[in-house]
Amino acid sequence: MRGPGTKAASPSRMKTHKLSDSEVRSGLQGLQGLPGWALHDGKLHREYEFDDFSEAFGFMARCALVAQKQDHHPEWFNVFNRVVVDLTTHDAGGISALDFALATAMEKAARLRA
Ligand code: H2B
């Protein structure tokens, strides 16, 4: 049995390894269909602007459900209609495939704005 603090070898946990610089670069090219994402301070970075706080918070609520399901959580900052997002994998000490998956899900959530 696993003790406290240990992690299951689930498929998502197996994707947490830190990607190399060239893997991140090609991942970002893959994000070209997701405009606005860039590499900032070693994290995947995007700034969203919505019409108002309700839209921004609705977006964050949709993302929060995905993040909890994936057990992978964004670093983010909200003021009124702006949401600033930085994605990194703390367990891996850098960007992993989980960050690209979450970025993709966040773009989908942003498109669902009312
Ligand atoms: N989110 C992010 N961004 N990176 C992680 O390494 C991480 C996480 N680890 N969410 C998860 C939670 C881990 O702490 C739990 C115990 O699975």
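All residue numbers in this chain count up from 1 along the given sequence. Since the structure is predicted, the reported quantities are computational estimates derived from the model, not experimental observations.
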Q: Taking all heavy atoms of Ala92 and all of Thr16, pick out the closest pair and write down the distance.
A: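 Shortest heavy-atom separation between Ala92 and Thr16 comes out as CB-O, 2.5 Å.
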Q: Under the side chain to side chain contact (heavy atoms under 4.5 Å, CB included) test, which residues partner Ala56, sequence neighbours left out?
A: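 Checked Ala56 against side chain to side chain contact (heavy atoms under 4.5 Å, CB included); matches are Phe50, Asn78, Val83.
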Q: Would you please test Asp21 and Arg25 for side chain to side chain contact (heavy atoms under 4.5 Å, CB included) and show each step?
A: CA-CA 6 Å; Asp21 289 352; Arg25 270 196 299 277; 4.0 Å; yes
Q: Looking only at non-hydrogen atoms, find the nearest pair between Phe100 and Val24 and report the distance.
A: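 Looks like CZ-O, 3.7 Å.
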Q: Does any part of the side chain of Arg62, heavy atoms only, come nearer than 4.5 Å to the side chain of Val66, both counted from C-beta?
A: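 The answer is no, as the side chains (C-beta and beyond) never meet within the 4.5 Å cut-off.
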Q: Against Val84, only a single residue in Glu75, Glu47, Arg46 fulfils side chain to side chain contact (heavy atoms under 4.5 Å, CB included); can you say which?
A: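 For Val84, the side chain to side chain contact (heavy atoms under 4.5 Å, CB included) test succeeds with only one of Glu75, Glu47, Arg46, which is Glu47.
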Q: Can you tell if the side chain of Thr89 reaches within under 4.5 Å of the side chain of His72, non-hydrogen atoms only?
A: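 Touching, per the 4.5 Å side-chain cut-off.
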Q: Do Leu39 and Met106 land in one hydrophobic cluster if side-chain heavy atoms of ILVMFWY residues count as linked below 4.5 Å?
A: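 Result: yes, single cluster for both.
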Q: Holding to side chain to side chain donor-acceptor pair (under 3.5 Å), I want the full list of residues that pass it with His40, two or more places apart in sequence or in another chain.
A: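 Partners of His40 under the side chain to side chain donor-acceptor pair (under 3.5 Å) test: none.
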Q: Would you kindly confirm whether Phe77 and Leu44 end up in one hydrophobic cluster when ILVMFWY residues are joined by side chain heavy atoms under 4.5 Å apart?
A: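 No.
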Q: Can you name the nearest heavy-atom pair linking Val85 to Pro74, along with the distance?
A: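 What the structure gives for the nearest pair is CG1-CB, 4.4 Å.
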Q: Please answer: with hydrophobic residues joined when any side-chain heavy atoms are less than 4.5 Å apart, are Tyr48 and Phe80 in the same cluster?
A: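 No, Tyr48 does not connect to Phe80 through the hydrophobic network.
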Q: Spell out, as yes or no, whether a donor-acceptor pair under 3.5 Å connects the side chain of Gln29 to the backbone of Ser26.
A: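 Checking the backbone N and O of Ser26 against the side chain of Gln29, no donor-acceptor pair under 3.5 Å is found.
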Q: Does Asp86 reach the main-chain N or O of His45 with its side chain, forming a donor-acceptor pair under 3.5 Å?
A: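 No, Asp86 side chain to His45 backbone: no donor-acceptor pair under 3.5 Å.
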Q: Measure the CG-OG distance between Asn81 and Ser54 for me, rounded to the nearest 0.5 Å.
A: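 Rounded to the nearest 0.5 Å, the CG-OG separation comes to 11.0 Å.
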Q: At what distance, to the nearest 0.5 angstrom, does CD of Glu23 lie from NE2 of His17?
A: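 Going from the CD atom of Glu23 to the NE2 atom of His17 covers 5.5 Å.
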Q: Would you say that Leu87 contacts Trp37 through its side chain, given a criterion of any heavy-atom pair below 4.5 Å between the two side chains?
A: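 With C-beta onward as the side chain, the pair touches.
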Q: Under a 4.5 Å cut-off applied to non-hydrogen side-chain atoms, are His73 and Asp71 in contact?
A: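 They are in contact (side-chain heavy atoms under 4.5 Å apart), so the answer is yes.
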Q: With rounding to the nearest 0.5 Å, note down the distance linking SG in Cys63 to NZ in Lys108.
A: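 These two atoms lie 11.5 Å from each other.
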Q: Count I, L, V, M, F, W, Y as connected when their side-chain heavy atoms are under 4.5 Å apart, and connections chain through other members. Are Val79 and Phe53 then in the same cluster?
A: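 Hydrophobic grouping puts Val79 with Phe53.
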Q: Around atom CG of Asp52, are there more than 12 heavy atoms of other residues, nucleotides or ligands at under 6.0 Å?
A: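 Yes, CG of Asp52 has more than 12 neighbouring heavy atoms, counting only those of other groups under 6.0 Å.
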